[in-house]
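Just so you know, these numbers come straight off a predicted model, no measurement behind them. When reading the values below, keep in mind they use all heavy atoms of this one structure, side chains included, and skip hydrogens, waters and symmetry mates.
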2 protein chains.
Amino acid sequence: MSEIYTSIPLGDGSTHAHTSTWVASTLRQEIAEGRLLPGSKLSEQALSNALGVSRNTLREGFTLLDSDLIISRIPNRGVFVASPDAADIREIYAVRRTIEPAALAWGPKLDIDELSRIIGHARAAAETENIALMADANQQFHETIVRATGSAHLLELMSRVLAKMRLVFHAMSDAPDFHSHYVSRNGALVDLLNTGQRMEAADTLQVYLNTAEAELLEHYESSQPR
Amino acid sequence: MSEIYTSIPLGDGSTHAHTSTWVASTLRQEIAEGRLLPGSKLSEQALSNALGVSRNTLREGFTLLDSDLIISRIPNRGVFVASPDAADIREIYAVRRTIEPAALAWGPKLDIDELSRIIGHARAAAETENIALMADANQQFHETIVRATGSAHLLELMSRVLAKMRLVFHAMSDAPDFHSHYVSRNGALVDLLNTGQRMEAADTLQVYLNTAEAELLEHYESSQPR
DNA sequence: AAAACACATATTGTTCAACAATCTTTCCTG
DNA sequence: CAGGAAAGATTGTTGAACAATATGTGTTTT
């Protein structure tokens, strides 16, 4: 069990600009790429040893990550990699259902060409059945949508939410291939946008998000019987 | 200059559940109520003394506040109460223009009665020309709108944004009375909602937000000549 | 054998003191 | 008066220590 930590590459001897920031981004990456699975406990002593930083600095890193939604901190119990439940899935989609259609409908900086480009990559990934690439493209697609709002804070919230989405998929490793559905749906959105039907695109995206939420919830409930 | 800190009430001797959390919320309150003005430097030594906590714990509190947008942390320079500039105002309104109209148009938990109630309080405050109460009512009004999305994260982002809005007003203490305008505008919104015209309310709110942003920016530019 | 309790152990929460790294101020020199 | 070096102050980070809380173990009790 403690072997988990040995896989974490230590930082080189050089001094990092902000150690706590470096700690946070390192852990973020470990979690995003599935090397630290949902539910894992992040022991302070073990981690501070593995990363070569003091417990105090590690705790600052934890505090930074806490707002990232990907860890859950339980007082006097410790820090764990978040393992999203049904409520989290609903929360994620409540956020997305608000921000993304609004960005499509009213965002002042909508970049349809960039969206088309991403669709192209997604289609290529779909042909070779490369799920990881499709997931990346999907994430980029939705980040680009949010970028239309012109708000850095909304973009940040969106990447946090999408990071948590990845945890959902890591926790449901037996999930069917949702991503290939997304490719064609995203393509239909771009078609609507290309003909200037932004409001219709917003409505359609809402339908898509509702569908995706229902699909995920169904799979979660069935794979997580109580 | 150091007298600023003496005004901060110390915590009682009792142990706080999470000291860093307590530190953060204490500072948040001090800033929100204008006892710590934009631009003030928050010295680690002075503050840790005044609050009766160690520098380490204070730093954890800083890290918590950092995601609240109301402080700015400059590496090796220190922590300052944020003093919003034109870009911040634009960012605030980019967020609000996205979230709030979406909440009005599509939010599944829109509570029109609660909005009417808040309008009542705002009108009462307007009659007695109590600006603080009007500001409070305005904040509640817009938080209630966002609550319609059903998302705790969006609500949290909104309160952060509104907290930063308060800093804008603190920084422009010579600002004219914007709030009384808001009261009647919010009233018009509720009228639209009461007749079931949610989309029209969303559009109207967007116009209002654009107007308010322009007013604030104009006042900022003129009062902050370079 | 199962449940309940007490004790020992491990982990987290917080403080303190120290030092390195960086910024700020002062003062000296040209 | 400008430029720059030295002194001073502040932040960034560490390690050790201790209190508070949670976990685990073993014994007793029924």
Atom pair distance, as rounded to whole Å: [atom1] in [X] and [atom2] in [N]:
X	N	atom1	atom2	value
A:N49	D:dA16	CG	P	11 Å
A:E44	D:dT23	CD	P	14 Å
B:L42	D:dT11	CG	P	10 Å
B:R77	D:dT11	CZ	C1'	11 Å
B:R73	C:dT22	CZ	P	17 Å
A:L64	D:dT13	CG	C1'	15 Å
A:R59	C:dT15	CZ	C1'	12 Å
A:E60	D:dG15	CD	C1'	16 Å

Fill in: C:dG13 base / A:R55 side chain donor-acceptor hit below 3.5 Å
yes

Worksheet entry | Presence of B:K41 side-chain N/O under 4.0 Å of C:dC23 phosphate oxygens OP1/OP2 |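 B:K41 to C:dC23 OP1/OP2: no side-chain N or O under 4.0 Å.
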
Discussion item. Is there a side-chain contact between A:S54 and the phosphate of D:dG15, meaning an N or O under 4.0 Å from OP1 or OP2?
Written reply: no

Response to the item:
Of A:P75 and A:L58, the one whose closest nucleotide on DNA chain D sits nearer the 5' end is A:L58

Worksheet, complete the sentence: Assign each of A:N76 and A:T57 the nucleotide of DNA chain D bearing its closest heavy atom; nearer the 5' end lies the nucleotide of A:T57

Worksheet item: Of the nucleotides C:dT11, C:dT22, D:dT14, which one has an atom closest to the side chain of A:N56?
Response: D:dT14

Item to complete: Among the candidates D:dT14, D:dT11, C:dT15, find the nucleotide nearest to the side-chain atoms of B:V53.
Response: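 Between D:dT14, D:dT11, C:dT15, the one nearest the side chain of B:V53 would be C:dT15.
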
Discussion item. Check the orientation of B:Y182 and B:F178. Use parallel for under 30°, tilted for 30 to 60°, and perpendicular for over 60°.
Written reply: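 Parallel: the ring planes of B:Y182 and B:F178 meet at under 30°.
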
Practice prompt. Decide side chain to side chain contact (heavy atoms under 4.5 Å, CB included) for B:L47 and B:V79; before the verdict, give the C-alpha distance in whole Å, the side-chain angles of both, and the deciding distance to 0.1 Å.
Written response: CA-CA 11 Å; B:L47 254 189; B:V79 173; over 6 Å; no

Fill in: Side chains of A:S48 and A:R59, donor plus acceptor under 3.5 Å
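No donor-acceptor contact under 3.5 Å links the two side chains.
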
Item to complete: Give every residue pair that meets the salt bridge (charged side-chain N to carboxylate O under 4.0 Å, His left out) criterion with at least one member in residues 94-111 of chain A, sequence neighbours excluded.
Response: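 Qualifying pairs, neighbours excluded: A:R96-A:E100, A:R97-A:E213.
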
Worksheet item: Can you name the closest pair of heavy atoms from B:L58 and B:L51 and give their distance?
Response: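 Nearest heavy atoms, B:L58 then B:L51: CD1-CD1, 4.1 Å.
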
